[in-house]
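Everything on this sheet refers to the single structure shown next.
Whatever order the structure lists ligands and atoms in, that order sets their numbers, starting from 1. Both backbone and side-chain heavy atoms feed into the values below; hydrogens, waters and symmetry mates do not. No experiment lies behind these values; they were computed from the predicted model shown.
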Amino acid sequence: MTSEMHFQFVVIGGGIAGVTCAETLSHLNPDEKILLLTASPLIKAVTNFRKVTKTLEEFDVEERSMFDLHAQCPNVIVAHDRVMKLDSAERILHTSTQKQYSYEKLCICAGGSPKIIAEGHPHVIGIRDTETVKVFQEKLSNASRIVLVGNGGIATELAYEINGCEVIWAIKDDAITHTFIDKGASQFFAPIMSKEKHGERKGLVKRVKYRLDDDVKTETAVKATKGRKGGSVTGSALGPDWAEGIPMHGVIEESHRVHVEKCVEVKRVLSLNEIESNSLSTCCPPLWDDSNRDWPVYIELTNGHIYGCDFVVSATGVNPNVDIFTSGNKFDVDAADGGIIVNEHMQTSVSHVYAAGDVCHAGWQTSPYWLQMRLWCQARQMGAFASHCMTADVHGHLEEISQDFCFEMFAHVTRFFDFKVVLLGKFNAQGMEKDHELLVRVTEGQEYVKVVLQDGRMHGALLIGETDLEETFENLILNQMDLTPFKDNLLDPNIDIEDYFD
Ligand SMILES: Cc1cc2nc3c(=O)[nH]c(=O)nc-3n(C[C@H](O)[C@H](O)[C@H](O)COP(=O)(O)OP(=O)(O)OC[C@H]3O[C@@H](n4cnc5c(N)ncnc54)[C@H](O)[C@@H]3O)c2cc1C
Ligand SMILES: NC(=O)c1ccc[n+]([C@@H]2O[C@H](COP(=O)([O-])OP(=O)(O)OC[C@H]3O[C@@H](n4cnc5c(N)ncnc54)[C@H](O)[C@@H]3O)[C@@H](O)[C@H]2O)c1
């Protein structure tokens with residue numbers, strides 16, 4: 001019989017949400033012992049945090065040993081141990097090293113795993129953590145053609161970054177990068193995507209400092225006995241600009257070649273044997289050479305096209321890691337995205353259990369200008385806010401805690417195709433009825449500015465390039481000024497909009 005260790009606060013997950021939650025708990029409760037349980041030996045740390053505007057934030061993400069977190073927050077004990085079972089009635093966690101931990105308050109920050117088409121197929125991979133990136137790089141270094149499935153963040157970055165390998169990019173939509181931008185913006189990017197990249201990439205400060213050394217030793221760590229099961233992902237998700245500085249080269253001389261197949265899904269993954277025995281004919285994009293080539297794997301798309309390739313990258317979103325927790329416990333889970341539902345205090349439907357980051361589904365009545373997307377900024381914000389709520393809860397004044405300002409308005413800054421991209425509020429008019437209006441300004445190869453208006457008020461904006469408009473537009477969304485009298489001038493490039501609304 002193993003002895004049980006008790007902690008006031010236990011956090012599960014060494015990603016951005018879990019580490020931020022544990023760090024903030026440590027600052028708020030310097031006299032309490034906090035346990036962070038993580039299935040991955042390295043944890044994620046947020047550094048150089050800075051606010052760009054009231055709601056936009058930027059930070060670096062470093063992969064660190066568990067030792068570093070304990071050194072920085074001595075009341076946080078980090079255990080490299082996988083939670084195998086939650087007994088929420090007894091408030092006990094059972095781990096892979098046969099330990100038991102009881103808690104007063106628990107925060108689940110177990111992240112997500114890539115949702116992979118044809119899961120388990122040896123020629124289909126997903127990307128989530130440093131280990132899966134290594135697998136991808138290794139496969140790519142011997143590849144001359146891949147099929148890329150998905151139309152969100154990862155697919156967009158890969159379509160731009162991969163060199164020396166042909167890419168067939170299969171998307172469900174009629175325009176690229178649909179998760180983040182509208183069709184007009186994807187047309188803005190189209191010529192840029194097909195251009196070859198020359199010389200140094202411009203202007204971008206590398207934001208992620210990954211340490212890929214596998215053997216980080218820690219004395220405080222409790223060693224996990226089990227590794228990955230069936231190739232499942234246990235590491236934390238990568239973060240901003242993960243693709244920067246990671247070589248992505250195939251074997252051919254042509255530096256950059258992408259063929260986009262629009263409005264399709266993958267119907268079947270086929271072997272050469274199946275192609276031959278059923279006499280199926282394969283396709284090749286115009287001007288690409290496919291003569292006499294046999295491929296390790298073939299993809300049949302719903303438009304009937306069959307492409308051969310070395311391997312397939314499934315960049316098709318994330319499944320929250322909920323199974324271990326929902327088994328035997330009455331968590332409410334969102335039917336559509338599979339996340340554990342949390343309320344405005346990050347509480348789940350199970351007493352004393354909170355959740356934050358990719359694993360959770362924001363189940364509260366959200367502000368009209370905020371939406372959940374599984375992003376590092378939201379993982380950090382949710383982790384930090386959950387720790388404030390957990391602390392208030394143990395002191396009996398949770399109801400006095402009002403929601404953090406960061407949930408007032410959605411704000412995300414990233415880079416696609418080497419352009420700065422800022423997303424504010426309902427940047428794609430998400431969930432809005434047809435009665436909204438779009439104002440757009442485009443300068444080819446330079447900037448794309450789109451504003452979403454309803455009843456003359458700004459509800460969202462998409463800014464591509466160095467527009468310098470984020471602060472002004474953030475204010476206009478937050479203060480809901482009636483812009484009807486200024487509508488014609490709002491995007492006039494000859495008017496200094498900042499002065500205008502000063
Ligand atoms: C390739 C890639 C690129 C990305 N790029 C960006 C970007 O540019 N900008 C952006 O905003 N976002 C980006 N994201 C998304 C962002 O990285 C995630 O939203 C964010 O990191 C999620 O953090 P998290 O802490 O919720 O989860 P995770 O980082 O997934 O961490 C979950 C943690 O829980 C642990 N865990 C899981 N199960 C257990 C268990 N049973 N017991 C113990 N521990 C467990 C895992 O080991 C891990 O440490 C990217 C994601 C990927 C995969
Ligand atoms: N720069 C950034 O902000 C950035 C970059 C990379 C990743 N991320 C985040 O990391 C996470 C993972 O990225 P991702 O690109 O896998 O997810 P995503 O949610 O960004 O995009 C998933 C894409 O896959 C498509 N899809 C889903 N099922 C499909 C199917 N069966 N067939 C074809 N297409 C399918 C969806 O339509 C969507 O376009 C996301 O939360 C994303 O927001 C963010």
Side-chain angles (χ1 to χ4, degrees), residues 11-21 36-44 46 57-59 61 63 66 79-86 93 95-96 108-118 126-130 132-133 136 148-158 170-173 176-180 207-208 224 228 232-244 246 264-267 301-302 313-325 337 339 355-360 372-380 382-383 412-416 421 423:
V11 180
I12 302 170
I16 292 171
V19 172
T20 307
C21 182
L36 178 73
L37 286 166
T38 171
S40 47
L42 296 177
I43 55 156
K44 289 272 153 60
V46 168
E57 48 192 53
E58 273 190 334
F59 50 80
V61 178
E63 213 163 44
M66 298 172 283
H80 176 200
D81 205 353
R82 175 185 278 272
V83 173
M84 302 303 283
K85 187 175 168 229
L86 163 64
L93 293 161
T95 71
S96 58
I108 300 174
C109 305
S113 305
K115 200 194 291 176
I116 300 179
I117 54 151
I127 292 179
R128 179 72 184 173
D129 52 11
T130 41
T132 46
V133 166
F136 163 71
L148 178 57
V149 187
N151 199 12
I154 295 178
T156 300
E157 291 178 334
L158 291 181
I171 62 174
K172 278 211 265 191
D173 320 284
I176 60 165
T177 320
H178 183 72
T179 319
F180 289 90
R207 292 249 159 256
V208 185
R228 284 174 184 226
S232 69
V233 173
T234 57
S236 320
L238 297 163
D241 309 329
W242 65 282
E244 288 281 310
I246 294 178
V264 293
E265 286 189 51
V266 173
K267 195 169 160 196
L301 302 174
T302 42
V313 179
S314 176
T316 40
V318 173
N319 281 325
N321 292 327
V322 302
D323 292 354
I324 279 180
F325 308 104
D337 77 4
D358 278 11
V359 77
C360 80
Q372 182 180 13
M373 280 183 83
R374 291 190 159 86
L375 297 168
W376 53 261
C377 49
Q378 294 196 355
R380 193 201 69 78
M382 287 177 172
H412 183 49
V413 56
T414 185
R415 287 190 90 88
F416 288 128
V421 176
L423 311 170

Discussion item. Check for me whether H412 has a heavy atom closer than 4.0 Å to any atom of ligand 1.
Written reply: yes

Side-chain ([X]) to main-chain ([Y]) donor-acceptor, under 3.5 angstrom:
{"X": "H178", "Y": "G152", "answer": "no"}
{"X": "Q372", "Y": "C360", "answer": "yes"}
{"X": "R82", "Y": "S96", "answer": "no"}
{"X": "E265", "Y": "K172", "answer": "no"}
{"X": "S314", "Y": "I117", "answer": "yes"}
{"X": "R128", "Y": "G112", "answer": "yes"}

Numbered atoms of ligand 2 (with element) below 4.0 Å of [X], judged on heavy atoms:
{"X": "L375", "answer": "3 (O), 43 (O), 44 (C)"}
{"X": "F416", "answer": "1 (N)"}
{"X": "R374", "answer": "9 (C), 40 (C), 41 (O), 42 (C), 43 (O)"}
{"X": "E157", "answer": "1 (N), 5 (C), 6 (C)"}

[atom]: nearest protein contact (heavy atom, Å):
{"atom": "atom 20 (O) of ligand 2", "result": "G153 N, 3.1 Å"}
{"atom": "atom 21 (O) of ligand 2", "result": "G152 CA, 3.3 Å"}
{"atom": "atom 15 (O) of ligand 2", "result": "I154 N, 2.9 Å"}
{"atom": "atom 23 (C) of ligand 2", "result": "N151 N, 3.5 Å"}
{"atom": "atom 27 (C) of ligand 2", "result": "T316 O, 3.5 Å"}
{"atom": "atom 31 (N) of ligand 2", "result": "I117 CG2, 3.7 Å"}
{"atom": "atom 16 (O) of ligand 2", "result": "G317 N, 2.9 Å"}
{"atom": "atom 38 (C) of ligand 2", "result": "T179 OG1, 3.7 Å"}

Could you tell me if the side chain of [Y] sits less than 4.5 Å from the side chain of [X], heavy atoms only?
{"X": "S40", "Y": "L42", "answer": "no"}
{"X": "L36", "Y": "V19", "answer": "yes"}
{"X": "R374", "Y": "P320", "answer": "yes"}
{"X": "L86", "Y": "I12", "answer": "no"}

Worksheet item: Hey, is I154 touching ligand 1 through its side chain, its backbone, both or neither, going by heavy atoms under 4.0 Å?
Response: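 The answer is the side chain.
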
Worksheet item: Can N151 and T179 be said to form a side chain to side chain donor-acceptor pair (under 3.5 Å), step by step?
Response: CA-CA 7 Å; N151 199 12; T179 319; over 6 Å; no

Practice prompt. Test side-chain contact (heavy atoms from CB on, under 4.5 Å) on V413 and V421 and set out the steps.
Written response: CA-CA 6 Å; V413 56; V421 176; over 6 Å; no

Would you mind running through ligand 1 and noting each atom that sits below 4.0 Å from a heavy atom of [X]?
{"X": "D81", "result": "43 (C)"}
{"X": "R128", "result": "27 (O), 28 (P), 30 (O), 53 (C)"}
{"X": "G112", "result": "30 (O)"}
{"X": "I16", "result": "21 (O), 25 (O)"}
{"X": "R374", "result": "15 (C), 19 (O)"}
{"X": "C109", "result": "32 (C), 33 (C), 34 (O)"}
{"X": "I12", "result": "42 (N), 43 (C), 44 (N)"}
{"X": "I127", "result": "1 (C), 53 (C)"}

Practice prompt. Determine, stepwise, if the pair T156 / I176 fulfils side-chain contact (heavy atoms from CB on, under 4.5 Å).
Written response: CA-CA 8 Å; T156 300; I176 60 165; over 6 Å; no

Minimum-distance pair of heavy atoms, taken over all atoms of [X] and [Y]:
{"X": "A155", "Y": "A315", "answer": "N-CB, 3.8 Å"}
{"X": "F325", "Y": "V83", "answer": "CE2-CG1, 4.1 Å"}
{"X": "N321", "Y": "V359", "answer": "O-CG2, 3.5 Å"}
{"X": "A17", "Y": "A356", "answer": "CB-O, 3.8 Å"}

Practice prompt. Could you walk me through whether M373 and H412 pass side-chain contact (heavy atoms from CB on, under 4.5 Å), step by step?
Written response: CA-CA 10 Å; M373 280 183 83; H412 183 49; over 6 Å; no

Before signing off on this row, confirm whether [X] and ligand 1 have an N or O atom pair separated by under 3.5 Å.
{"X": "V83", "value": "yes"}
{"X": "A379", "value": "no"}
{"X": "A39", "value": "yes"}
{"X": "R82", "value": "no"}
{"X": "G14", "value": "yes"}

Worksheet item: Could you go step by step and tell me if W376 and K44 meet the side-chain contact (heavy atoms from CB on, under 4.5 Å) rule?
Response: CA-CA 11 Å; W376 53 261; K44 289 272 153 60; over 6 Å; no

What part of [X], side chain, backbone, both or neither, has a heavy atom within less than 4.0 angstrom of ligand 2?
{"X": "M373", "value": "neither"}
{"X": "T414", "value": "side chain"}
{"X": "V149", "value": "side chain"}
{"X": "V318", "value": "side chain"}

Worksheet entry | Option whose closest heavy atom lies nearest to atom 27 (O) of ligand 1, chosen from G13, G15, A17, G111 |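 It is G111 that holds the nearest heavy atom.
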
Worksheet item: Nearest non-hydrogen atom to atom 36 (C) of ligand 2 belongs to which of H412, H178, K172, R415?
Response: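 Minimum heavy-atom distance to atom 36 (C) of ligand 2 goes to K172.
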
